[in-house]
Amino acid sequence: MDQVRTTALAAILTITSHAGGGFAEEEICEIQILDEENGWPVPIVELRTTNSVRFFSDNRGVIAFDLPDLMGREVWFYVEGHGYGVKPDGFGYRGVRLTPEVGKHLTVKVNRELPAKRLGRITGSSLLGESRKLGWDGGDPESGVLGCDSVQIAAHNGKLFWAWGDTKVSKYPLGLFQASSATTGLRPLQNLEPPLQVPLEYFRNEKGEVRNVARMPGEGPTWLSGYVSLPDRAGKSRLVSTYVKVKGFLDIYEKGLCVWNEETENFELESVLWKKDEGKVSEILFPDGHPVFYTDESGEEWLLFGDPFPQLRMKPTFEAWRKPAEWEKLAPQESVPAREDGKKISPHRGSVAWSGFRKKWVSVFTQKEGESSRLGEIWYAEASSPMGPWENAIQVVTHDNYTFYNPRLHPDLTDVDSPILLFEGTFTHTFAERATPVPQHDYNQVMYRLDLDDTVFD
């Protein structure tokens, strides 16, 4: 190894020695993206060169820049960050000039444009991939999951049970289509700041591969929803879910109920509620979306289902969940007025939760046909009751021609009176206008944080 190479490796070793003494053999310059306001790392920010080479920051906000032809040269990088960015120059270009050098550490500070802070990606591969190229040895082993659709989550028997829809794996374009799943402790996050790492323990097959957990009979994918743990009359907790079977592109042909088998660690069919080929109407009463427990003004307890706002209620027991005749239909609010100008915002999907800090019910939801993206604009609203009226919607997340759908609040991941509110959603190019997928990050779950003590919520 020549002297130049030795010097380069020594430089990389110096900047990465804090992470456990590892080093990278590649000739790399570390570029870290930081929030101007709080100094936190910012994941999923793109730096793009004038010849269209794209780099994206990992969960530590790090980019491992490795273009030998541009080392030691002044380089213009366009900066795009879905709600994070820099001010335009005199020509309207939003970017920065940097001079990458082997072993050097550079920083780019970006401004957050809306209230929600991006904590990072939860699922998929290489959550800290750019950092590892620089010798950083932290983080959990790779799960084998490359991407997955929307989350369902429920506290059950002392754990959090997480489930996702269609799941990408490396060995073939068609991955898992009968729901993947994992568990964590009830409080899996040691820190509510980036870099984000959720210690997911996936259900796996005998080969150690992540597997399906909801093989309902019939062709096509199985999608789970309405995930909740309920007590039966004997006092045993039962993890339950609704399911739909799908053909073609979003063509649902069956709806039903399924129950978790503690022995086999799989969902099993409970009952079929509707089949398309039987000629029944598709608009049956169905406990879809995300459930919440609610005690009304008279002290009566209910289980509400909605997506985002409640559209069905039942008694919070396993027996009531099994009896559709006892379910009650609710009329969810169809739009929410924006606080800024009163414009009616139509929700697509989302969830609600009680905020002990705000002493109100809160919601996050995706806007139908948003301005910057068709299904990528996220709004926050409050109400005195989960049934509404929901008012004063505030935009909290934006995406530039990219999708962020099915946002799910996580009130159980923080203290009941905490001002911190966490939520995640599916980050994908699907449904956007000819968008280019973001490598590794696309079709995965990304978590955001709202600080409800921020003056924007006053």
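The shown structure was predicted, so the numbers you read here are calculated from the model rather than taken from an experiment. The first residue in the sequence is number 1, and the count goes up from there.
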Taking NZ, NE, NH1 and NH2 as the nitrogens, is one of them in R112 or E37 under 4.0 Å from a carboxylate oxygen of the other?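 Here R112 pairs with E37 in a salt bridge, since their nearest N and O are under 4.0 Å apart.
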SB check E424 R118 (cutoff 4.0 Å):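 Not counted as a salt bridge, because no side-chain N and carboxylate O are separated by less than 4.0 Å.
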Sequence neighbours excluded, which residues qualify as ring pair (Phe, Tyr, Trp, His ring centres under 6.0 Å) partners of H348?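 Partners of H348 under the ring pair (Phe, Tyr, Trp, His ring centres under 6.0 Å) test: none.
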Indicate whether any N or O donor in one side chain lies under 3.5 Å from an N or O acceptor in the other, for [X] and [Y].
{"X": "Y405", "Y": "R349", "answer": "no"}
{"X": "S346", "Y": "S335", "answer": "no"}
{"X": "T222", "Y": "Q178", "answer": "yes"}
{"X": "S372", "Y": "D400", "answer": "no"}
{"X": "T428", "Y": "T430", "answer": "yes"}

Could you check if a side-chain atom of [X] sits within less than 4.5 angstrom of a side-chain atom of [Y], using non-hydrogen atoms only?
{"X": "W260", "Y": "V240", "answer": "no"}
{"X": "T403", "Y": "S373", "answer": "no"}
{"X": "F56", "Y": "V438", "answer": "yes"}
{"X": "L98", "Y": "V108", "answer": "yes"}

Around atom [atom1] of [X], are there more than 12 heavy atoms from other residues, nucleotides or ligands closer than 6.0 Å?
{"X": "E371", "atom1": "CD", "value": "no"}
{"X": "E301", "atom1": "CD", "value": "no"}
{"X": "Y93", "atom1": "OH", "value": "no"}

Which pairs would a plain distance check flag for residues 193-204, meaning a side-chain donor or acceptor within less than 3.5 Å of a matching protein atom at least two apart in sequence or in another chain?
from: R204; atom 1: NH1; to: S143; atom 2: O; distance (Å): 3.1
from: R204; atom 1: NH1; to: G208; atom 2: O; distance (Å): 2.9
from: R204; atom 1: NH2; to: S143; atom 2: O; distance (Å): 3.0

Side-chain donor/acceptor of [X] to backbone N/O of [Y], under 3.5 Å:
{"X": "E130", "Y": "D58", "answer": "no"}
{"X": "R187", "Y": "Q190", "answer": "no"}
{"X": "Q445", "Y": "D149", "answer": "yes"}
{"X": "E391", "Y": "E382", "answer": "no"}
{"X": "S126", "Y": "G129", "answer": "no"}
{"X": "N212", "Y": "A214", "answer": "no"}
{"X": "S57", "Y": "I44", "answer": "yes"}
{"X": "R358", "Y": "K360", "answer": "no"}
{"X": "N444", "Y": "I122", "answer": "no"}
{"X": "R449", "Y": "L192", "answer": "yes"}

Using ring centroids (six-membered ring only for Trp), state whether [Y] and [X] fall under 6.0 Å.
{"X": "H290", "Y": "Y227", "answer": "no"}
{"X": "F457", "Y": "Y380", "answer": "yes"}
{"X": "Y294", "Y": "W361", "answer": "yes"}
{"X": "W390", "Y": "F309", "answer": "yes"}
{"X": "F55", "Y": "F65", "answer": "yes"}
{"X": "Y402", "Y": "F427", "answer": "yes"}
{"X": "W162", "Y": "H410", "answer": "yes"}

Out of H441, H429, H399, H82, which one pairs with F404 under the ring pair (Phe, Tyr, Trp, His ring centres under 6.0 Å) rule?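 The single option meeting the ring pair (Phe, Tyr, Trp, His ring centres under 6.0 Å) with F404 is H399.
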Qualifying residue, where the test is salt bridge (charged side-chain N to carboxylate O under 4.0 Å, His left out) with K117 and the options are D35, D454, D451: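 Considering D35, D454, D451, a salt bridge (charged side-chain N to carboxylate O under 4.0 Å, His left out) with K117 is found only for D451.
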Is there a side chain to side chain contact (heavy atoms under 4.5 Å, CB included) between R238 and V228? Walk through the geometry before answering. CA-CA 8 Å; R238 309 293 298 271; V228 66; over 6 Å; no
Is there a side chain to side chain contact (heavy atoms under 4.5 Å, CB included) between L312 and L330 once you walk through the steps? CA-CA 5 Å; L312 180 154; L330 302 173; 5.8 Å; no
For L409, enumerate each residue passing the side chain to side chain contact (heavy atoms under 4.5 Å, CB included) test, keeping only those at least two apart in sequence or located in another chain.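 L409 satisfies side chain to side chain contact (heavy atoms under 4.5 Å, CB included) with S351, A353, V362, V364, P411, L421, F423 only.
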Give a yes/no verdict on a cation-pi contact between K315 and W302, requiring under 6.0 Å between NZ or CZ and the six-membered ring centre and an angle within 45° of the axis.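 So K315 does make the cation-pi contact.
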What is the ring orientation for Y78 with W76, classed by angle as parallel under 30°, tilted 30 to 60°, or perpendicular over 60°?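 Judged by the thresholds at 30° and 60°, the geometry between Y78 and W76 is perpendicular.
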